[in-house]
Amino acid sequence: GTGLLRPASPPSVSERTLPSGLRVQAARRAGVPVVELRLRIPWGGTQGGDLARAVLLAESILSGTRSHDRVAFASALQALGGSLTASATVERLTIGGSALSANLEDFLALVAAILTAPAYTAGEVERDRDRLRERLAVAASQPDRQARNALLHRLYAGHPYSRELPEPDEVARVDAVAVADLHDREVEPSGALLALVGDLDPETALERVERALSGWLAGGDEQPPVPAGVTPPSVTPSGPLLLVDRPGSVQTSVRLGGAAVPRTHPGYPALKLANLLFGGYFSSRLVANLRERRGYTYSPRSGIEHAVAASTLVISADIATEVTAAGLLEIGYELGRMATLPVEAGELEAARRYAIGSLLLSTASQSGLASMLLTLGTAGLDVTFLRDHPLALAEVSTEDVLTAAREHLAPARLTTVLLGEAGRIADQVSALAPVDSR
């Protein structure tokens, strides 16, 4: 039974929407005298303008304000026991960090300064651009990144989701004026979400945010309350297996992908458990077969990735070149078993306990809860998910898991990409599936 899996009451979260359209959430989680901040700003209808500008903006936004150069800004942050980071995807800009709770007011003032008066001086943006280009060039040479790019392009060809990072030469063409222009047009409070979690009084924290960010207003045209964002892609499954040649590679990066469902979908709890059972945790079938029984790979895994307009199931394994086809056969076998045979009750129970326990653990810390509030808010959910999702997991039957697996884990529903030495693996794998070589 699942009697031991009673979920804890969700934490109390105070919320208010400011006149600017910014949603603010605050939750008290004492213990450490720190406040965690997470801010997510969706790009409007432009899908990030272009990816190169969006990523360079995230790289440069913390490089100073009109009243603090880079060194002064970093020193002011450090003096508050604070830190900040920024990142961007095709959908949004995310700013995160923390500071000592006694310094919350001054910390919010620094956050307000980068939102309303960022510097983007030519010299600083050029330095950030050069560093970013180097990092992108290194990333582009890594087999994991190459395999992932090939899979996303195969799944989402022609859609913004087909690319996670810009090319180094695209970044090279972006200057400080273009970055500042993107900030002016898109870094707006309407539709954005700010979460604060830590040693704070929630109502006082909301007041402080409202005061600190009163100057952060929409730019020219009023944005709709929910930005247009990325249009839903159509995922076309299967087709021939794609083989991308990587000469001299000692292992093959095997990636499979297909459509999943969002956290709001009634079938999500069953799919989450089906994914865990297949390859989502250490006790999964994929690990037991490929790692423990066969010794083909060290860390095979599968996971569900959520974007605003689509969720994707991604399966990954890096397999020694000489056993590529054998490894692919075992992956197909385990997928086929999930999609055609019911799992055992005890196996399901173990995955259910893991899913509920890991959700509780992920929100036990201040930073974990802050990140979770942002994740839920982006998905159109709220903190009651932390109570309702475990209850939904507790209700999932072996039949529900089989239905979810048949829908999402059946080999016929997945697209396969291999990155490796084509000359050594093409003949092996062509015995299993038609091969499209690049």
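A salt bridge does not link Glu347 with Arg352: every distance from a Lys NZ or Arg NE/NH1/NH2 to an Asp or Glu carboxylate oxygen is 4.0 Å or more. A salt bridge links Glu59 and Arg135; the closest N-O separation between the charged side-chain nitrogens and carboxylate oxygens is under 4.0 Å. Ionic pairing of Asp130 and Arg127 is not present here: no N-O contact between side-chain nitrogen and carboxylate oxygen is shorter than 4.0 angstrom.
If you check the side chains of Glu36 and Gln366, you find no donor sitting under 3.5 Å from an acceptor. Looking only at atom types and distance, the side chain of Arg38 has a donor-acceptor partner in the side chain of Ser371 under 3.5 Å away.
A cation-pi arrangement is absent between Arg263 and Phe385, since the terminal nitrogen or guanidinium carbon is not both under 6.0 Å from the aromatic centre and inside a 45° cone about the axis.
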Legend entry - Stepwise ring pair (Phe, Tyr, Trp, His ring centres under 6.0 Å) test for Tyr161 and His153: CA-CA 8 Å; Tyr161 286 171; His153 186 74; over 10 Å; no

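For Tyr268 and His306, the ring centers sit closer than 6.0 Å to each other.
Across every non-hydrogen atom of Val197 and Leu373, the tightest pair is CG2-CD1, 3.8 Å. Contact between Met338 and Ala405 at its shortest, heavy atoms only, is O-CB, 3.2 Å. Here the closest non-hydrogen pair linking Thr89 and Leu51 is C-CD1, 4.2 Å.
Ring-plane geometry between Tyr354 and Tyr281 is classed as tilted, the angle between the planes lying from 30 to 60 degrees on a 0 to 90 degree scale.
You'll find the side chain of Asp318 stays beyond 4.5 Å of the side chain of Tyr298, heavy atoms only.
The structure places CG of Asp181 at 11.0 Å from OH of Tyr120, a figure rounded to the nearest 0.5 Å.
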